[in-house]
K.L.:
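My structure is below; once you've seen it, I'll send some questions.
Just so it is clear: chains get the letters A, B, ... in the order the sequence lines come, proteins before strands, and each one is counted from 1.
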Amino acid sequence: MSKPIVATTSLAGCFGCHMSVLDIDDRILELIELVEFNKSPIDDIKKFSKKCDIGLIEGGCCNSENIHVLKDFRENCRILVSVGECAIMGGLPAMRNGIAIQECLEEAYVNGPTVVSNEEVIFPNDPELPMLLDRVYPCHEIVKIDYFLPGCPPRADLIWEALVALVTGDEMKLPYEVVKFD
Amino acid sequence: MKTGVQKIVEKYGKDKTRLMDILIDVQSEFGFIPREITVQIADDLGMSEVDVDQTISFYHFFSQRPTGKYHIFLNNSAVAYMMGRKEVADTFTKELGINFNEVTPDGLVGLFETSCIGMNDQEPAAIINNRIFTKLTPFRAKEIVRDIKEGKDIDDMIVADYGDGENRSDLIKSVVTNNIRKIGPILERNHKPGQAIEKISKMTPEQVIDEVKRSNIRGRGGAGFPTGMKWEFCRNAPGEKKYIFCNADEGEPGTFKDRVVLTERARLLFEGMVIAGYAVGATEGILYIRHEYKYLQTYLESILKAARDVNYLGKNILGKKGFNFDIRIQFGAGAYVCGEESALIESAEGKRGEPRDRPPFPVEKGYLDMPTVVNNVETLCAVVKVILNGGEWYKSFGTTESTGTKLLSISGDCKFPGVYEVEWGFSINDILDMVGAHNEEVQAVQVGGPSGAIIASNEFNRILGYEDLATGGSLIIIGKNRDILTDIVLNFTEFFIEESCGSCSTCRIIPTLLKNKLVKILNARGVKQDIDDMVEWGKILKASRCGLGQTAANPILSSIKNFRPLYEEKIQKNKVFDSGFDMNAAVKESCEVTGRVPNI
Ligand SMILES: Cc1cc2nc3c(=O)[nH]c(=O)nc-3n(C[C@H](O)[C@H](O)[C@H](O)COP(=O)(O)O)c2cc1C
Ligand code: SF4
Ligand code: SF4
Ligand code: FES
């Protein structure tokens, strides 16, 4: 039987969740035995080359590009998992929700402490650039998400256990230490 | 400004538990509560600035920015919309050139929304500078704006004749009408004030409690707790001082009977408070009234004074040594949740109206941590009649489980909206007949306000009473031409979102999620899962601390239960999932700001 195929992506996230995947330490060798990776920053495959079984999503959606990628994942993955607070609730990037876009852009490109000078008040507007969304959306408000792994980032053990459970079909072990957040 | 504030603070004895009164006076004198005043109040009362801020920011009628020389608060209840509120609102915004929640650049007029103001029998209604304006029309709105621009005095802006009864009295002078449509043993006209006080002065407090218990009367504020038992608990609770609160917060949309009692039977109510005080051993009573009824203040105070003059209030009442009781009026400042008894107490102590954890219950630890009885206006009025005529007499009205009569506030699509005193046990059909609503023109009846249930015609034979349809008395009749989901369910859900105190995460979050689902269904993006989700998520609200959160899903849950086809006809049959996300709408703002053409 061929190995289950996993794809991962980071949308509006900090890559911390991906770091946490790597944090499974030597189990990464087991992981490679267990699954094959397709589109993912881990192997740098940029486009889906086949249908996948599991898609791990880090980050919520802050721009149009995120939406396209997420929808692409939904189309190509049998099971989608929201990994981490950003994917589940918008996380830190969602701090901008409730602040007008104009104000956000002014802070970033006009008034921010690292802006050298932008007297003409130019905001990036190349048609190639993704368009900002009115707010940062959690992934399940865009597409159907099958599972949620909480944490910021979720602990390596939680990600590992979840992956193994998904691949083997066994029940997931969820000891208290893995899901407590204080 | 400084001395003005000082005077106000001193008027209330520099007592921080009277912060509400202080802020109400400041708000009315300056039109808002500027930062410097907040600082000064905090200093004078020995409080931190944030503590004062907490109270200010909690209440709808306190503002930290100017609200205009004239401030218009237009009611946004469901019935107001049914009666043409939208056209009135549009006229105001057009004529004033501002949106809601804005003040005209010259500082003359502020326009605001407000939750139900207890005038559902005469909508659309607004409060302008503490005066009530009822039955507004676009024409009337234009007139009002014109008068404002001419700088007319608010009292000169009233063109309609004053309402009926005491509304015409010099101390009220309001266009509000009572609309009393049916009088029973509680509302009857011939009550002689003081009779019951004379009677109890010859009884022991225990005898008074026994009589009330014998009547089986239960609280009329909604929860239906047996009144005699409540009084007994309070009497037996240890505490140096005890308090009687009359709950006249009346914030449940569709309820307005307490307004009418306060206007026409205030003496009866005060007598009931004296009886409660005597029975539990309290010497102080507080009538907590919603700010929306501030127009009754002078009148009510004059009645209290008259009662003191004849010694129905005060020391050694009717010559009985040690029978001391007096009443003060406490106004709220716009918050539905303050009708919840422990929030009411918090508010009367000058704080945010946030419900307390229970136990301990107010009868053990209430106002200023002392044993406290909180009773509804109507309960306290009924008790007077129980004392005069006996518990057995009272039981001759109503049903076995629900004794006595109930004041109903009836509004919506009917000929005769108003207050009806009926015995418990009337069916909805009886009521529709009584109020001039033809059964075949009625689509639904909302029983008990937003926190109650919406029922369909197949249940119109159900009866009002604790054994079947328990209600605080609000009945909203919904005609065939109404869109229940938009006109009623959405409006009520928004009401709960607006009025949540924000303490419990359930109540703070779930109603918004439910609303989003509902809007999605209304926008034809819903799927069956959305209905199922609403039912499941609604259940979680039961874990909330107070009745507000616990009932906040009721508009949605009861309409799904009784009007499910309305939901089903709007959902997509060919899809199992649709998030409802709309990319065009989502990128609109950023494209406008950056000057881009959306390319999707
Ligand atoms: C959100 C909320 C609002 C309430 N509003 C009122 C009110 O406006 N008037 C009232 O008498 N009771 C109201 N109640 C019920 C009170 O908590 C309390 O049960 C009642 O005042 C007790 O008086 P009773 O025993 O005479 O009914 C409300 C309860 C909740 C949870
Ligand atoms: S959940 Fe935390 S770790 Fe993961 S992307 Fe968001 S901020 Fe980074
Ligand atoms: S249920 Fe709602 S209103 Fe009641 S205490 Fe909780 S947050 Fe406040
Ligand atoms: S859930 Fe946000 S701080 Fe605990």
K.L.:
Of all the heavy-atom pairs spanning B:R596 and A:L129, show the shortest one and how long it is.
P.N.:
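Closest approach of B:R596 to A:L129: NH2-O, 2.8 Å.
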K.L.:
Could you tell me the separation between the CE atom of A:M131 and the OG1 atom of B:T594, rounded to the nearest 0.5 Å?
P.N.:
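Rounded to the nearest 0.5 Å, the CE-OG1 separation comes out at 9.5 Å.
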K.L.:
For A:Y109, does the OH atom sit with more than 12 other heavy atoms under 6.0 Å from it, leaving out its own atoms?
P.N.:
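Not more than 12 within 6.0 Å, no.
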K.L.:
Count the heavy atoms of every other residue, nucleotide or ligand shown that sit under 6.0 Å from CE of A:M172, and state whether that count exceeds 12.
P.N.:
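Correct, the count exceeds 12.
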K.L.:
Are there more than 12 heavy atoms of other residues, nucleotides or ligands under 6.0 Å from atom CD of B:E569?
P.N.:
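More than 12 within 6.0 Å, yes.
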K.L.:
In a check of side-chain contact (heavy atoms from CB on, under 4.5 Å) between B:S590 and each of A:N63, A:D134, A:I101, which one passes?
P.N.:
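By the side-chain contact (heavy atoms from CB on, under 4.5 Å) criterion, B:S590 pairs with just one of A:N63, A:D134, A:I101: A:I101.
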K.L.:
Using non-hydrogen atoms only, which part of A:L133 is less than 4.5 Å away from chain B: side chain, backbone, both, or neither?
P.N.:
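It is both, since atoms from each part get that close.
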K.L.:
For B:K573, is the NZ atom crowded, meaning more than 12 foreign heavy atoms sit under 6.0 Å from it?
P.N.:
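Yes, because the 6.0 Å sphere around NZ of B:K573 holds more than 12 heavy atoms from other groups.
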K.L.:
Inspect the surroundings of CZ in B:F32 and state if more than 12 heavy atoms from other residues, nucleotides or ligands are less than 6.0 Å away.
P.N.:
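Check passes, neighbour count above 12.
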K.L.:
Could you look at A:L105 and say if it's the side chain, the backbone, both or neither that has a heavy atom under 4.5 Å from chain B?
P.N.:
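Side chain only.
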K.L.:
At a heavy-atom separation under 4.5 Å, does A:D126 approach chain B through its side chain, its backbone, both, or neither?
P.N.:
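Just its backbone gets close to chain B.
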K.L.:
Would one find more than 12 heavy atoms of other residues, nucleotides or ligands at under 6.0 Å from atom NZ of B:K528?
P.N.:
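Result for NZ/B:K528: open.
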K.L.:
Most heavy-atom pairs under 4.5 angstrom with chain B, which of A:H68, A:R135, A:Q102?
P.N.:
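Top option by heavy-atom pairs under 4.5 Å: A:Q102.
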K.L.:
Once you round to the nearest 0.5 Å, how far does NE2 of A:H140 lie from OG of B:S579?
P.N.:
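A:H140 atom NE2 to B:S579 atom OG measures 9.5 Å (nearest 0.5 Å).
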K.L.:
Where is the tightest heavy-atom contact between A:I142 and B:F577, given as atom of each residue plus distance?
P.N.:
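The pair with the smallest heavy-atom distance is O-CE2, 4.4 Å.
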K.L.:
State whether the number of non-hydrogen atoms from other residues, nucleotides or ligands found under 6.0 Å of B:K588 atom NZ is greater than 12.
P.N.:
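At most 12 heavy atoms, drawn from other residues, nucleotides or ligands, come within 6.0 Å of this atom.
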